[in-house]
Peer 1: 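First the structure, then my questions, so here it is.
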Amino acid sequence: MSSSPIAVPEQRLTFCGSRPAELRNGRKANTRWNKRHLTWCIINRLPHFTLEQQVAHTEWALDQYRVVTSGWFSYERTDKADTADIILTTFRDRPYGVLADMQLPPGDDRQLLGRFDAAENWNRTPQDVQYQLTALHELGHAHGLD
């Protein structure tokens, strides 16, 4: 099993089906976050990953948003969940095949919660769910993309 970050050529990233206009808005200052430096924290890691592996995958996803927003946002991992802007955690077996969910920022810099299904097979075989791409999708919601 390899859990190293997936190398995806930048030009092939679709950003989860977001329309180009949505991505252009993400590059502007009119995002739903008032702050530009966001902290994030993993409070429950997914099974089959070490904390370091999940951190590496999450950092890859955040790096994609650093690129697409032309450096508007910066990110820093923290172990202090009470002060983190984005908290990543797990849930177990939600109905209807939900892999993960993320709150949309309400515009007042409140802390957001993102949850990933711990019952899924994450990155174990090529047919399994890819955490990096799912995190990329969910973190798009954290950046205000519907």
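Heads up: numbering here begins at 1 and tracks the sequence. These values consider heavy atoms only, across backbone and side chains, with no hydrogens, waters or symmetry-generated copies.
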Peer 1: For Y65 versus L136, what's the shortest heavy-atom pair and its separation?
Peer 2: OH-O, 2.8 Å
Peer 1: Where do H48 and N121 come nearest, in terms of heavy atoms and distance?
Peer 2: NE2-OD1, 4.4 Å
Peer 1: Mind jotting down which residue pairs meet the salt bridge (Lys or Arg N to Asp or Glu O under 4.0 Å) criterion with at least one end in residues 68-78? Sequence neighbours excluded, please.
Peer 2: R77-D79
Peer 1: Between atom CG of N34 and atom CZ of R36, what is the distance when rounded to the nearest 0.5 Å?
Peer 2: 12.5 Å
Peer 1: With side chain to side chain contact (heavy atoms under 4.5 Å, CB included) as the test, pick out the partner of T90 among I42, N44, I43.
Peer 2: N44
Peer 1: If you round to the nearest 0.5 Å, how far is CD1 of I87 from CD of Q103?
Peer 2: 9.5 Å
Peer 1: Do P105 and L112 come within less than 4.5 Å of each other through their side chains, counting heavy atoms only?
Peer 2: yes
Peer 1: I'd like to know whether L88 forms a side-chain contact (heavy atoms from CB on, under 4.5 Å) with M102, so could you lay out the CA-CA distance, the side-chain angles of the two residues, the decisive distance to 0.1 Å, and finally the verdict.
Peer 2: CA-CA 9 Å; L88 303 178; M102 175 69 72; 3.7 Å; yes
Peer 1: If I take atom CH2 from residue W33 and atom NE2 from residue H143, how far apart are they, to the nearest 0.5 angstrom?
Peer 2: 8.5 Å
Peer 1: Using the salt bridge (Lys or Arg N to Asp or Glu O under 4.0 Å) criterion, which residues pair with D108? Sequence neighbours excluded.
Peer 2: R110
Peer 1: Can you tell if the side chain of F116 reaches within under 4.5 Å of the side chain of T89, non-hydrogen atoms only?
Peer 2: no
Peer 1: Can you find a heavy atom in the side chain of I86 that is under 4.5 Å from one in the side chain of Q111?
Peer 2: no
Peer 1: Would you confirm whether the ring centroid of H37 sits within less than 6.0 angstrom of the ring centroid of F73?
Peer 2: no
Peer 1: Which residues satisfy the side chain to side chain donor-acceptor pair (under 3.5 Å) test with R92, sequence neighbours excluded?
Peer 2: none
Peer 1: Partners of T78 by side chain to side chain donor-acceptor pair (under 3.5 Å), sequence neighbours excluded?
Peer 2: none
Peer 1: D117: what forms a salt bridge (Lys or Arg N to Asp or Glu O under 4.0 Å) with it, not counting sequence neighbours?
Peer 2: none
Peer 1: For residues 37-61, pull every pair meeting salt bridge (Lys or Arg N to Asp or Glu O under 4.0 Å), keeping only residues two or more places apart or in separate chains.
Peer 2: none
Peer 1: Which residues pass the side chain to side chain contact (heavy atoms under 4.5 Å, CB included) test with L104, sequence neighbours left out?
Peer 2: R32, H141, D146
Peer 1: Mind checking what makes side chain to side chain donor-acceptor pair (under 3.5 Å) contact with Q54, not counting sequence neighbours?
Peer 2: Y131
Peer 1: How long is the straight-line distance from CG of D101 back to OG1 of T134, given to the nearest 0.5 Å?
Peer 2: 12.0 Å
Peer 1: Tell me every residue that passes salt bridge (Lys or Arg N to Asp or Glu O under 4.0 Å) with D63, counting only those two or more places apart in sequence or in another chain.
Peer 2: R66
Peer 1: Indicate the atoms forming the closest heavy-atom contact of A100 with F91, along with that distance.
Peer 2: CA-CE2, 4.0 Å
Peer 1: Does Y75 reach the side chain of T39, with side-chain heavy atoms less than 4.5 Å apart?
Peer 2: no
Peer 1: Work out which heavy atom in W60 is nearest to a heavy atom in L133; give both atom names and the distance.
Peer 2: CH2-CD2, 3.9 Å
Peer 1: State, to 0.1 Å, how close Q132 and A61 come at their nearest heavy-atom pair, and which atoms those are.
Peer 2: O-CB, 4.1 Å
Peer 1: Holding to side chain to side chain donor-acceptor pair (under 3.5 Å), I want the full list of residues that pass it with D109, two or more places apart in sequence or in another chain.
Peer 2: none
